[in-house]
Asks: 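Just passing along the structure, written as structure tokens.
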Protein chains: 2
Amino acid sequence: MFDSIDMNILKLLQKDARMSASDISRKVDLSISAVGERIRKLEKADIIKQYTTTLDSAFFEKELTAFMLISIESPNVSPRFYDFIEQEKEILSCFYIAGDYDYIIKIVTKNTSTLAEVLDRIKSLEGIIKTNTMVVLDTKKEQNTFYI
Amino acid sequence: MFDSIDMNILKLLQKDARMSASDISRKVDLSISAVGERIRKLEKADIIKQYTTTLDSAFFEKELTAFMLISIESPNVSPRFYDFIEQEKEILSCFYIAGDYDYIIKIVTKNTSTLAEVLDRIKSLEGIIKTNTMVVLDTKKEQNTFYI
DNA sequence: CGTGAAAGTCTCACCAC
DNA sequence: GTGGTGAGACTTTCACG
């Protein structure tokens with residue numbers, strides 16, 4: 001169904017989502033229309049989830065990243081917890097995990113004082129047993145997604 | 001320098017990096033050439049970092065995510081540690097953090113047995129004092145980047 | 001999968017404000 | 001400095017081989 005040419009097209013689109021079908025056609029040695037059809041099929045098969053743009057965090061004053069481990073009392077409080085997570089714009093991700101804690105969340109904010117505000121809002125939620133915040137000092141590697 | 005129209009263009013490109021300048025021009029009520037020039041300026045100012053494509057992890061057999069906290073012996077071992085992190089394709093990110101541990105890394109792999117292989121390679125590195133692995137059971141929220 | 005024609009899109013020099 | 005216009009070049013789409 002999908003061959004190595006498709007994988008090559010995906011690789012190129014991962015590097016530059018705005019690459020034109022004609023540029024891709026030159027790289028993969030196929031006609032423009034064939035490339036266009038393959039891309040359409042990859043989109044339809046939902047192998048391509050989204051074309052997105054990565055912006056400069058510094059420009060938007062989002063220079064502080066932190067991870068927070070959270071333990072909650074019982075599964076009952078989870079729905080309210082999820083609602084909170086959902087609407088907090090500075091919480092980028094939240095994973096339910098196995099281990100000493102129940103959740104790990106990633107926070108991206110302006111500075112230590114805006115981080116403190118987010119932490120206070122989390123800690124004031126009902127049912128939070130314990131938290132552990134790890135402030136990021138340096139980013140050694142950061143990929144949004146796996147690269148093929 | 002950059003106004004609310006630029007912010008709108010960035011929002012649209014965050015949602016769909018392949019949106020044509022003509023489609024954007026209709027949404028922001030500007031001519032195609034004006035939109036093209038604004039995009040060029042946003043790219044040149046490095047506010048737009050990258051146009052990328054998000055792929056379906058299931059299709060590529062990357063369905064298991066885990067976080068690992070790592071403590072290392074001394075800063076001396078860091079360079080070799082970074083080299084290792086860099087070349088491990090299944091380690092998507094690595095952050096140097098303040099707290100009980102020195103690093104937090106995100107691993108995306110096929111299943112528990114491929115995860116075990118990665119963990120073994122990490123633990124066999126010299127200078128690793130302690131590790132703590134948290135397997136992701138469920139993803140409640142996941143954004144690559146902040147949304148404006 | 002390729003071709004070719006039609007439709008659509010982008011680029012650039014130039015104009016107006 | 002900003003944005004608009006129009007011509008030419010380029011790109012995409014689609015029917016057909």
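Proteins get letters first, then strands, A, B, ... in listed order; numbering begins at 1 in each.
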Asks: In whole angstrom, give the distance that lies between atom CG of A:Asp29 and atom C1' of C:dG2.
Replies: 13 Å
Asks: Where the side chain of A:Ala34 is concerned, which of D:dT12, C:dC1, C:dT9 is the nearest nucleotide?
Replies: C:dC1
Asks: Measure NZ/B:Lys41 against P/C:dT11 and give the value in whole Å, please.
Replies: 15 Å
Asks: Reckon B:Ser33 touches a base, only the sugar-phosphate, or nothing at all at heavy-atom distances under 4.0 Å?
Replies: base
Asks: Measure CD1/A:Ile32 against C1'/D:dC10 and give the value in whole Å, please.
Replies: 9 Å
Asks: Has the side chain of B:Ser31 got a donor or acceptor that lies under 3.5 Å from a partner of the other kind on the base of D:dT5?
Replies: no
Asks: Any salt bridge between B:Arg18 and A:Asp16, counting N to O under 4.0 Å?
Replies: no
Asks: Is it the case that A:Thr109 and A:Glu90 place a side-chain donor and acceptor less than 3.5 Å from each other?
Replies: yes
Asks: Evaluate whether atom OH of A:Tyr96 has more than 12 neighbouring non-hydrogen atoms of other residues, nucleotides or ligands under 6.0 angstrom away.
Replies: no
Asks: Rounded to whole angstroms, how far apart are CZ on B:Arg18 and P on C:dC10?
Replies: 11 Å
Asks: Can you check the A:Leu30 CG to C:dT3 C1' distance for me, whole Å?
Replies: 14 Å
Asks: Within less than 4.0 Å of OP1 or OP2 of D:dT12, is there a side-chain N or O belonging to A:Ser22?
Replies: yes
Asks: Just how far, in rounded Å, is P of C:dC12 from CZ of B:Arg40?
Replies: 9 Å
Asks: Round to a whole Å and report the spacing from CD of B:Glu37 to P of D:dG4.
Replies: 11 Å
Asks: Give the rounded distance in Å between these two atoms: CE of A:Met19 and P of C:dC10.
Replies: 17 Å
Asks: Might you confirm whether atom NZ of A:Lys141 has over 12 heavy atoms from other residues, nucleotides or ligands at distances under 6.0 Å?
Replies: yes
